Amino acid sequence: AQKVTQAQTEISVVEKEDVTLDCVYETRDTTYYLFWYKQPPSGELVFLIRRNSFDEQNEISGRYSWNFQKSTSSFNFTITASQVVDSAVYFCAGQGNTNAGKSTFGDGTTLTVKP
Amino acid sequence: DAGITQSPRHKVTETGTPVTLRCHQTENHRYMYWYRQDPGHGLRLIHYSYGVKDTDKGEVSDGYSVSRSKTEDFLLTLESATSSQTSVYFCAIRPGLAGLSGANVLTFGAGSRLTVL
C-alpha cells in the first residue's frame, strides 16, 4: 500500500516570504511517480509537476522549485517570494507502477499568504 | 479546456434516495477515476476504470457503484445515500499511454458537491 504524508496541515506566511511544503511518500514500488496539485479557493484541481523516482534532479519553474530525495522519499515544494495568489490547498500525490496507475493523495497543506 | 465535465455540479438529496453522478470526457482517455474530498482527508479513491466495462474498487468503495458503458462516460451511483456521503466528488482522467509524456498525470473535473440531509 502507498502512503503520502503531508505533515503540515496549515501554513500562514506574509507575502514575499519563502515557504516550503513537505511531502513524504511510502511505497514498496521501486519505480513510482510523485506529483503536486494545487487547489485554489475556486475549487478546481490543477496539476503542477510530476517527478519520476529515478530522476533526482531538482526542478525550478519561476518561483516554484521542487526537491526530490529518494533516500528519504521526500518530495518538497518551495515557493520563493510568495504572493497572495499562491494561497491554496496543495496536494502531494504518489503513483506506483504496480497499482494500475492509481494515485494516492496526501491530506493537503493549506497555504495562506497574507498581504 | 481539458474536456472533462461533471454533472450535476451541486445536488441536495435526502437520506435513502439514489443518486447518480456523471463524468463525461472528450479526450478518449483510457483511465477514469472517482475521488471524494473531505476536510482532513485529502482525496480518497472510490472506484476507477481502466476501460469500457472494466472497473475496480478504490479505498472507500462501500456504498458506491460505478459503470462505464462507453469510453467517454463514467457514472458513480449511490444506491441509498447516507449523510456520511456528503462530500465533494471529483472525477479524473488520464491517458495511460506508455511513453507518452504526461501519461500518468490526472486531469480533474470541476467537482460535484453532494449534500445528503
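What you are looking at is a predicted structure, and each value in this text was computed from that prediction instead of being measured. Each chain gets a letter, A, B and so on, in the order its sequence line appears, and its residues count up from 1. Heavy atoms only: backbone and side chains are in, while hydrogens, waters and symmetry mates are out.
- Atom NZ of K70(A) has more than 12 heavy atoms from other residues, nucleotides or ligands within 6.0 Å.
- Taking CG from L45(A) and OG1 from T107(B), the interatomic distance works out to 11.0 Å, rounded to the nearest 0.5 Å.
- A single hydrophobic cluster is not seen to contain both Y50(B) and L75(B); linkage of ILVMFWY side chains at heavy-atom distances under 4.5 Å, directly or through other members, places them apart.
- Between F47(A) and F108(B) there is no side-chain heavy-atom pair separated by less than 4.5 Å.
- The main-chain N or O of L106(B) is found under 3.5 Å from a side-chain atom of Y37(A) such that the two form a donor-acceptor pair.
- Neither the backbone nor the side chain of E59(B) comes within less than 4.5 Å of any heavy atom of chain A.
- Residue pairs meeting the salt bridge (Lys or Arg N to Asp or Glu O under 4.0 Å) criterion with at least one member in residues 8-17 of chain A, sequence neighbours excluded, do not occur.
- Between Y31(B) and K102(A), every side-chain heavy-atom pair lies at or beyond the 4.5 Å cut-off.
- Here the straight-line distance linking atom CZ of R44(B) with atom OG1 of T104(A) works out to 12.5 Å at 0.5 Å rounding.
- Contact of Q39(A) with chain B is made through the side chain alone, with heavy-atom distances under 4.5 Å.
- With hydrophobic clusters built from ILVMFWY side chains whose heavy atoms lie under 4.5 angstrom apart, V24(A) does not share a cluster with Y90(A).
- Residues that satisfy the side-chain hydrogen bond (donor to acceptor under 3.5 Å, both in side chains) test with T78(A), not counting sequence neighbours, are T20(A).
- For Q95(A) (side chain) and N104(B) (main-chain N/O), a donor-acceptor pair under 3.5 Å exists by modelled atom type.
- Both the backbone and the side chain of L43(B) come within contact range of chain A, with heavy atoms under 4.5 Å apart.
- Side-chain contact check for Y33(B) versus S103(A): every heavy-atom pair is 4.5 Å or farther apart.
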